[in-house]
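Beneath this line is the structure, given in structure tokens, with notes to follow.
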Amino acid sequence: MNTIHLHDKHFKHYIPANQIHKAIDTLAEQMNRELRDEPRPLLLSVLNGSFMFTADLIRKLEFDLELSFVKVASYSGTQSTGKVEEIIGLNCNVEGRTVVIVEDIVDSGVTIIKLVEMLKAYHPKQIKICTLLLKPEQYKQSLPLDYVALKIPNAFIVGYGLDYNSLGRQFPDIYVIDPTASSGAPSTT
Ligand code: IMP
Ligand code: MG
């Protein structure tokens, strides 16, 4: 499919599945090198967007790990609201452990910063950040991102787990918004 239509917007084909998988392979090699000596790192996959990425990533990881899914919400429509809720579903022991946050995408970084702050209260040994996608032009935080699979310009994307108002998560490829073909400008609220 070259274009998809979700709600009021059109999206163009952008990153094919094979390119996503290659980037994940390279990322997994880096994580295998750097995390294999850590005793059972705890991967915290941030739902909903990172479910597909997490499933593909952990199949490539060769060290003992624990996986847990957590939820935080900061987004509505195509613009970050900057609001972050509490961590939902954190039911394993974090104290003294290496925690790897697994995100679908880091945009402004507000979500990840809040999540790191909240996790610190549980006294982990260290917190590493892993994300499938990063929008470097948007990310203004000083917190370093340890594992980044793909960097993209500032545009709204869907597919491979990412949604536009709950639609578009199931596509194996990633699509980018086509402003010329979408009705109206992206919402700013
Ligand atoms: P941040 O707090 O601005 O870094 O936004 C992070 C969250 O916003 C991500 O975890 C996604 O859920 C969502 N998000 C950011 N950019 C996009 C996008 O291009 N498409 C879909 N969701 C996005
Ligand atoms: Mg997310």
Side-chain angles (χ1 to χ4, degrees), residues 6 9 11-12 14-15 19-20 23-24 26-28 30-31 34-35 41-54 57 69-90 94 98-166 168-169 174-180 182 184-189:
L6 305 171
K9 309 219 184 294
F11 295 82
K12 298 180 288 188
Y14 189 42
I15 310 175
Q19 197 181 326
I20 299 170
I24 294 174
T26 307
L27 189 73
Q30 185 194 352
M31 293 174 80
E34 296 180 13
L35 295 172
L42 171 64
L43 270 65
L44 284 187
S45 172
V46 186
L47 292 173
N48 293 326
S50 67
F51 73 97
M52 220 181 262
F53 170 47
T54 302
L57 175 69
F69 290 93
V70 294
K71 212 161 180 176
V72 253
S74 74
Y75 229 76
S76 153
T78 56
Q79 296 289 311
S80 176
T81 59
K83 287 191 202 111
V84 181
E85 317 293 320
E86 58 185 314
I87 309 174
I88 305 160
L90 185 64
V94 164
T98 293
V99 176
V100 184
I101 299 174
V102 182
E103 261 287 16
D104 51 354
I105 186 162
V106 174
D107 184 324
S108 69
V110 168
T111 310
I112 205 79
I113 294 286
K114 286 278 167 63
L115 194 50
V116 167
E117 269 172 27
M118 289 187 284
L119 271 174
K120 279 185 177 164
Y122 298 89
H123 307 292
K125 175 183 161 193
Q126 58 177 339
I127 301 170
K128 301 274 185 189
I129 296 163
C130 171
T131 184
L132 174 68
L133 295 141
L134 169 67
K135 296 180 184 172
E137 296 159 31
Q138 293 289 102
Y139 187 69
K140 302 279 185 280
Q141 316 286 343
S142 56
L143 182 74
L145 304 174
D146 305 277
Y147 305 110
V148 178
L150 292 162
K151 292 181 183 167
I152 56 165
N154 181 24
F156 193 80
I157 56 162
V158 293
Y160 196 74
L162 290 104
D163 72 308
Y164 167 49
N165 286 349
S166 306
R169 294 194 197 275
I174 289 175
Y175 294 78
V176 65
I177 197 162
D178 183 357
T180 57
S182 299
S187 146
T188 51
T189 52

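Note that the structure is a prediction, hence the values are computed from the model and not measured. Hydrogens, waters and symmetry mates are skipped; everything else that's a heavy atom, side chains included, is used. Counting begins at 1 with the first residue of the sequence.
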Answer yes or no: is there a side-chain heavy-atom contact under 4.5 Å between [X] and [Y]?
| X | Y | result |
| --- | --- | --- |
| Val148 | Tyr139 | no |
| Val100 | Met31 | yes |
| Lys120 | Glu117 | no |

Exercise. Donor-acceptor pair, Gln141 side chain versus Ser108 backbone, under 3.5 Å?
Worked result: yes
Problem set entry | Side-chain (Asp146) to main-chain (Ile129) donor-acceptor, under 3.5 angstrom | yes
Heavy-atom closest contact ([X] atom, [Y] atom, distance):
| X | Y | value |
| --- | --- | --- |
| Val94 | Leu42 | CG2-CD2, 4.0 Å |
| Thr131 | Phe53 | C-CE2, 3.9 Å |
| Ala23 | Ala149 | CB-O, 3.7 Å |
| Phe51 | Gly161 | CE2-CA, 3.7 Å |
| Asp104 | Ser50 | N-CB, 3.7 Å |

Exercise. Stepwise, does the side chain to side chain contact (heavy atoms under 4.5 Å, CB included) test hold for Thr54 with Phe69?
Worked result: CA-CA 10 Å; Thr54 302; Phe69 290 93; 4.3 Å; yes
Out of curiosity, [X] [atom1] to [Y] [atom2], how far, rounded to the nearest 0.5 Å?
| X | Y | atom1 | atom2 | result |
| --- | --- | --- | --- | --- |
| Ile112 | Ile105 | CD1 | CD1 | 12.0 Å |
| Ile157 | Ile152 | CD1 | CD1 | 3.5 Å |
| Asn165 | Asp163 | CG | CG | 7.0 Å |
| Leu47 | Lys71 | CG | NZ | 6.5 Å |
| Leu6 | Arg169 | CG | CZ | 11.5 Å |
| Leu132 | Tyr147 | CG | OH | 16.0 Å |

Problem set entry | Step-by-step side chain to side chain contact (heavy atoms under 4.5 Å, CB included) determination, Cys130 to Leu57 | CA-CA 10 Å; Cys130 171; Leu57 175 69; 3.9 Å; yes
Problem set entry | Among Ile127, Ile101, Leu44, side chain to side chain contact (heavy atoms under 4.5 Å, CB included) partner for Leu115 |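 Result for side chain to side chain contact (heavy atoms under 4.5 Å, CB included) with Leu115: Ile101.
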For this session: May I ask you to decide if the ring planes of Tyr164 and Phe156 are parallel, tilted or perpendicular, using 30° and 60° as cut-offs?
Result: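 Tyr164 vs Phe156 ring planes: perpendicular.
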Problem set entry | Those residues that, when tested against Tyr175, pass ring pair (Phe, Tyr, Trp, His ring centres under 6.0 Å) (two or more places apart) | His13, Phe171
